[in-house]
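Quantities reported herein were computed from a predicted structural model and do not represent experimental measurements. In what follows, chains are A, B, ... by sequence order, proteins preceding strands, each numbered from 1.
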Amino acid sequence: MTRNLLTLEAARREDLREILELAHAHARGETRSPLAGKTVCLAFFEASTRTAVSFELAARRCGADVISLSESGSAIAKGESLVDTVVTLDRLGADALVLRHPAAGAAALAARYTGAAVVNAGDGCGQHPTQALLDLYALSEAAGGFDELAGRRVAVVGDVLHSRVARSVIPAFTAAGMEVALVAPATLLPWDSGAWGLPILDSVGEALLWGAGVLYVLRLQKERMTGARIPSLAEYARFYGVARRHLGDGVLVMHPGPVNRGVEISGDVVLDGHSLIPDQVAAGVHVRSAVLALATGAAHEVAA
Amino acid sequence: LSGYNRTLTELVIRRAHVLDPSTGLDGIADVRLREGRVAEIGEGLRGTRELDADGLHLFPGFVDLHAHWRTPGREDEESVESGSGAAAAGGFTGVVMMPNTYPVVDKPAIVGGLVARIEKESRVRAYVSAALHAGLRGERLTEMRLLKEAGAFCVSDDGLGTPSAGVLRNGMLYARSAGLPVILHCEDHTLATGVVHDGAYAALAGIPGSPASAEDAATATAVVLAAETGARVHITHVSTALSAALVGFFKGRSQVTADTTPHHLTLTDGLIAGLDGMYRVNPPLRPEQDRDGVTEALRDGVLDFVATDHAPHASEEKELPFEEAAPGFLGHETAFPALYTELVLDGRISLPRLVEAMSCSPGRWVGQGGALSVGGMADLALVDLSEEWMVSRETLLSRSSNSPYLGRGLTGRVVGTIVGAELVHDRIGAKFGVRA
């Protein structure tokens, strides 16, 4: 039985736990080629380095046959529609389709046209569920277990408006029992910023006063760095950037990458002991292996 | 301007419940149609051709001020023939065609060609809206007086807002001189940078939103200029409570009129949560409180009437990620049933007000039809208010199938449409066949 992973909007605690436990099994090397004989298609309609590489490694380590389509040099570049590409991959026998696309809802649309499991690898400003899952994995490790996350406070800092990562980590952290606050100027928040029912704070300093134990920092897109949405990088860094002075008392810093050093995080924080950024990257392969195994039904075949 | 020109016959419609708020008719009566007009309304009328309408309602035909029949240029999506067929199936006897076609209807020769096609192909009375500005670009005025000579009925840059208030003001002044009404799509494109209403659903889905101010600011500009210039301005597809209130403020201070659409009266932005490109439309579906505000404005006459913004799209333009999908819904065939089901049966507005808003009021605006009176045009809609039906691709006569009501059950259905005393849409036989 296949299972799509399109969004974490309605994620339940038990679903998250299942994925993280399986990811741990992959990390410990307890799974042996669960995807042998399966075909995993990576269709990236938008440039990506770490997500694409991480999914490809995950699929190969699980023993899958991997087909990669990228923006350049494929039918995608020739203007084939998303639906037609999906139908083609479906008929070629894909068991899982890992999709990255610049428009929200692309993965949901693809899922209507294929029986293969669709894994959303990021769609526009919509969702990036595997990012949030690997974040939970890295954070659980640091906290001493998934159950240790409940009750902790996390501040999501930065461009929430344009962030698919934010739209996945907010419900994921919430489902894990954490309390979440948003830290951003109104120009980088959705107009209806109350949609999630979360507190809105005005600086990293305020987030720490609120009791944030985790600062989850979002990437500031270059095209939005200056101009109509924020006045200057200096002002942004002053109020919304994480600096060494914020790292008291076991505060953890996370970032989905790639980092703009000196903008949303000062350079000396990125690889500091408080930073989980390298752990997040390391978690990617394990979590994506688990996601692919669950999505294709291979995890249950192994279990049975 | 009518495409309708058929042999003249006599027909007696017997025992229908005749309802026309503009003339006060509301009861069972017989209606005799002759030579394209209503000849007699009374009891016990007999004729050589009779139509037994016992159990049905007879309204003045609906008039739709806003339709995209995609002609010229995208006849794969809709043609004059299919668009007018869909209109007739929805009880519409008069329709205004919008000019955002390929090419844009901005030259007298294009208007002339369209008028000729209407004469040949249209089942209903169709009126041509020419562009207000060349290429709909909001820069250079079209040759409005020549367009009018060629048969244009009004002017509009529908599909786009006018980028400059100064340009819009001149457009209104010149249209007033040319004697042409102006239909305005109010949208400030510096604010309308998204594809859905900027609310909670946009925030959660991550689909770029446009704030309500994109419509409200443009509507405010338009009504202020309408009052100042004295032009005959009609604001189309009002979708927010604030825009409706702005129109209300300028009622009596200007000649401004306004409409809203069946979808803004019946659907809300919660539908975008499923991320289905089908539900992209412009102006976007709004939250419940706007739907309520617009509905009250229609009920109270602040908004004069309903127009469908019938906007057919090929499936490949809708089966796309939400923000890439083409905006627009089919409207003709579901307008009355959707509004009857959601507004009348729900107690939000009365049946007479709905008939006034779909027939009488837009008919007055067009200056033709919209009334059921002796000597008047025999443009009528025969409706079964009890029929329950499911909207599906198979039930639609349009060449496209992008209806937001697909799969929904609706109550009330048009069973016959009469233009100039002639049946142009006829499901009566089928219906009575089922009954027998």
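Smallest separation of non-hydrogen atoms from B/G206 and A/A104: O-CB, 3.7 Å. Contact detail for B/A200 and A/D192: the closest heavy-atom pair is N-OD2, 3.1 Å. The minimum heavy-atom distance between B/L320 and A/L109, with the atom names listed, is C-CD2, 3.4 Å.
Within a 6.0 Å sphere centred on OH of B/Y201, heavy atoms belonging to other residues, nucleotides or ligands number 12 at most.
For the atom pair CG (B/L275) and OG1 (A/T7), the distance works out to 8.0 Å, reported to the nearest 0.5 Å. Considering OG of B/S213 and CH2 of A/W191, their distance stands at 7.5 Å, rounded to 0.5 Å. Of the inter-residue distances, the one linking A/C125 atom SG with B/I207 atom CD1 reads 10.0 Å to the nearest 0.5 angstrom.
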Verdict with supporting geometry, B/L204 and A/R167, side-chain contact (heavy atoms from CB on, under 4.5 Å): CA-CA 7 Å; B/L204 294 173; A/R167 285 184 182 78; over 6 Å; no
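Interface residue A/A108: only side-chain heavy atoms are found under 4.5 Å from chain B.
Side-chain atoms of B/P321 and A/L82, non-hydrogen and from C-beta on, do get closer than 4.5 Å to each other.
In terms of modelled atom types and a separation under 3.5 Å, the side chain of A/R112 and the main chain of B/E319 share no donor-acceptor contact.
Counting heavy-atom pairs under 4.5 Å between each of A/A103, A/P190, A/G105, A/G124 and chain B puts A/A103 at the top.
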